[in-house]
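Beneath this line is the structure, given in structure tokens, with notes to follow.
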Protein chains: 2
Amino acid sequence: MSFDTVKIRARVVPVTDRYHHGDLRRALIDAAVEAVGETGPSALSLRAVAKRAGVSHAAPAHHFGDKAGLLTAVAAEGFDRFADALDAAWDATGDFKAVGAAYVRFAIDNRAHFEIMFRPELIHEDDPDLHRAEARSRAALHRGAGAVEPEADYNPAALAAWSFVHGFAGLLIAGNFPQSVVDDPEAAFAAVGRYLRIGED
Amino acid sequence: MSFDTVKIRARVVPVTDRYHHGDLRRALIDAAVEAVGETGPSALSLRAVAKRAGVSHAAPAHHFGDKAGLLTAVAAEGFDRFADALDAAWDATGDFKAVGAAYVRFAIDNRAHFEIMFRPELIHEDDPDLHRAEARSRAALHRGAGAVEPEADYNPAALAAWSFVHGFAGLLIAGNFPQSVVDDPEAAFAAVGRYLRIGED
DNA sequence: GCAGCTGTCTTGACAGTGTCAAGTTTTTCC
DNA sequence: GGAAAAACTTGACACTGTCAAGACAGCTGC
């Protein structure tokens, strides 16, 4: 096997790990996210994910151990992107409401990730990578909401803010809100957010 | 059929439908709730539910059509009890916060029902019985939260209150809150609820 | 009081599922 | 260039939801 072949491969799939498929791990996560987006997390089939990625039905197990392992990887990726989004919103505005809006926006734009992230029975909660990513999100959220109030072991203001935005996002993507809210979530969130007593007076 | 027969039957099995098993429909719903409480909604197996109720594996299909049908019945029952709980809280106190506390309490005490009620991909959303029960809950919730603000097509105050309590309940039962909150949810909800600007000034 | 019928449930079968053990192929390492 | 490791495939297993067909009980009409 010549060095050229490797080089060509590396140029074709410019990702961290490389092997036969190129980056099957990546491809499987993407396929899983796609499938969850279409049919929801409960109806997800490992074999369908494998077929979507063009590999045999047992290939996912090699990378993720089992179904929950694959979903754990999706959740970890979700928490990482989530932390990025929240941090970006805070850095850009320094405003709690903007972080809340980013929270809701993330849930809408990354619905598949979001649905898995907060469904503990589907994933391996003890996964170290998941923990790391989750901690990042928690920190980002705390920075946005907790900055208003002094830090504490458990911060009621942060919990209030979290409950509020999480409930709004969850009810929204589950289809519990009227069409006008779905059509313009940002405006609705701004209107509804006025009833939260945080970051003012 | 004579009127007397009905009366006697009604005393033995005081439920809507009756047949061989006594009330298999009821038993299957109970078994499903039990199973969901133990393993979560995703791992629920129709055959396991049937075994738990002591009937053949295909018996549930006769009463509920399919798996989603069984879960729909659970959700409908959940929404009915939910409406009862919220109405009772409002009638007893006339206080929005008490309705919120009842919301959280219901989620904790009826975790299996609650988890299914807000997971649309698991149930038949077009089921008329579900719709009826859901409307009852919506009305009860609106009575508790919407009473504060004037009625409208879409009431921001009601949506805010709903988002807040729903998020709190959801994050709590998903294990995202610190132990102190889990140990005394009522106290935590009262503390956190102060950050919601509803029903005051 | 009995034939027929409707509703309740069982049996058996089917394709599809997750997981595991064993094999095959490719890459890496020295 | 050969050995070892990694990446995947193949085949099997028990289990799942769903469907068609049949068995059984209870009620209806006479």
Side-chain angles (χ1 to χ4, degrees), chain A residues 1-10 12-13 15-29 31-32 35-36 39-73 121-124, chain B residues 1-10 12-13 15-29 31-32 35-36 39-73 121-124:
Chain A
M1 214 103 324
S2 77
F3 202 52
D4 291 333
T5 333
V6 172
K7 231 177 149 189
I8 289 168
R9 280 264 172 70
V12 173
V13 263
V15 270
T16 52
D17 310 332
R18 69 187 73 82
Y19 27 81
H20 300 179
H21 176 277
D23 192 353
L24 182 54
R25 191 186 146 85
R26 176 76 262 144
L28 286 171
I29 292 180
V36 170
T39 62
S42 317
L44 180 76
S45 150
L46 260 193
R47 290 170 110 106
V49 169
K51 186 171 289 180
R52 211 183 270 255
V55 291
S56 81
H57 67 263
H62 181 259
H63 287 275
F64 302 102
D66 56 6
K67 191 177 178 177
L70 171 56
L71 291 180
T72 302
E121 90 261 20
L122 293 179
I123 63 184
H124 290 140
Chain B
M1 84 173 48
S2 82
F3 211 46
D4 292 332
T5 334
V6 172
K7 235 177 150 187
I8 290 169
R9 280 269 174 65
V12 175
V13 264
V15 270
T16 51
D17 308 334
R18 65 188 76 84
Y19 27 81
H20 299 181
H21 176 276
D23 192 354
L24 181 54
R25 190 187 147 85
R26 174 77 263 141
L28 287 171
I29 292 180
V36 169
T39 62
S42 316
L44 180 77
S45 149
L46 259 193
R47 289 170 110 105
V49 169
K51 186 171 288 182
R52 210 184 270 257
V55 291
S56 81
H57 68 264
H62 181 258
H63 287 275
F64 303 102
D66 55 8
K67 191 177 178 177
L70 171 56
L71 291 179
T72 302
E121 89 262 19
L122 293 180
I123 61 184
H124 291 140

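The structure displayed is predicted, hence computed values, not measured ones. Below, read A as the first sequence line, B as the second, and so on, with proteins coming before strands; counting in each chain starts at 1.
- Comparing atom distances between the B/L46 side chain and each of C/dT19, C/dT10, D/dG17 picks out D/dG17 as nearest.
- Using a 4.0 Å heavy-atom cutoff across all strands shown, A/L70 reaches no nucleic acid atom at all.
- Distance check, rounded to the nearest 0.5 Å: CG of A/L28 to CG of A/L46 gives 9.0 Å.
- The structure places OG of A/S56 at 9.5 Å from CZ of A/R47, a figure rounded to the nearest 0.5 Å.
- Nearer the 5' end of DNA chain D, as judged by each residue's closest nucleotide, is the contact made by A/S56, out of B/K67 and A/S56.
- Using a 4.5 Å heavy-atom threshold, the side chains of B/P41 and A/E121 count as touching.
- With rounding to whole Å, A/K51 atom NZ is found 15 Å from D/dT9 atom C1'.
- For the pair B/A58 and A/R47, nearest-nucleotide mapping onto DNA chain C gives the more 5' position to B/A58.
- One can place NE2 of A/H63 at 17 Å from P of C/dG18, the figure rounded to the nearest angstrom.
- Summarising the geometry, the separation between CG on A/L24 and P on D/dA7 is reported as 10 Å, rounded to the nearest angstrom.
- Contact check, A/H57 against D/dC8: no side-chain N or O comes under 4.0 Å of OP1 or OP2.
- Contact record, A/K67 with A/L44: NZ-O, 2.7 Å, taken as the closest heavy-atom pair.
- Within the model, atoms CD1 of B/I29 and CG of B/L71 stand 10.5 Å from one another, a figure rounded to the nearest 0.5 Å.
- Phosphate proximity of D/dT18 to B/H62: absent, as no side-chain N or O sits under 4.0 Å from OP1 or OP2.
- Straight-line distance from the CG atom of B/D66 to the C1' atom of C/dG16: 16 Å, rounded to whole Å.
- One finds no side-chain N or O of B/S45 lying less than 4.0 angstrom from the OP1 or OP2 phosphate oxygen of D/dC15.
- With rounding to whole Å, B/D23 atom CG is found 9 Å from C/dC9 atom P.
- Summarising the geometry, the separation between CZ on A/R25 and P on D/dA6 is reported as 16 Å, rounded to the nearest angstrom.
- Look at CG on B/L44: it is 14 Å from C1' on D/dC15, rounded to the nearest Å.
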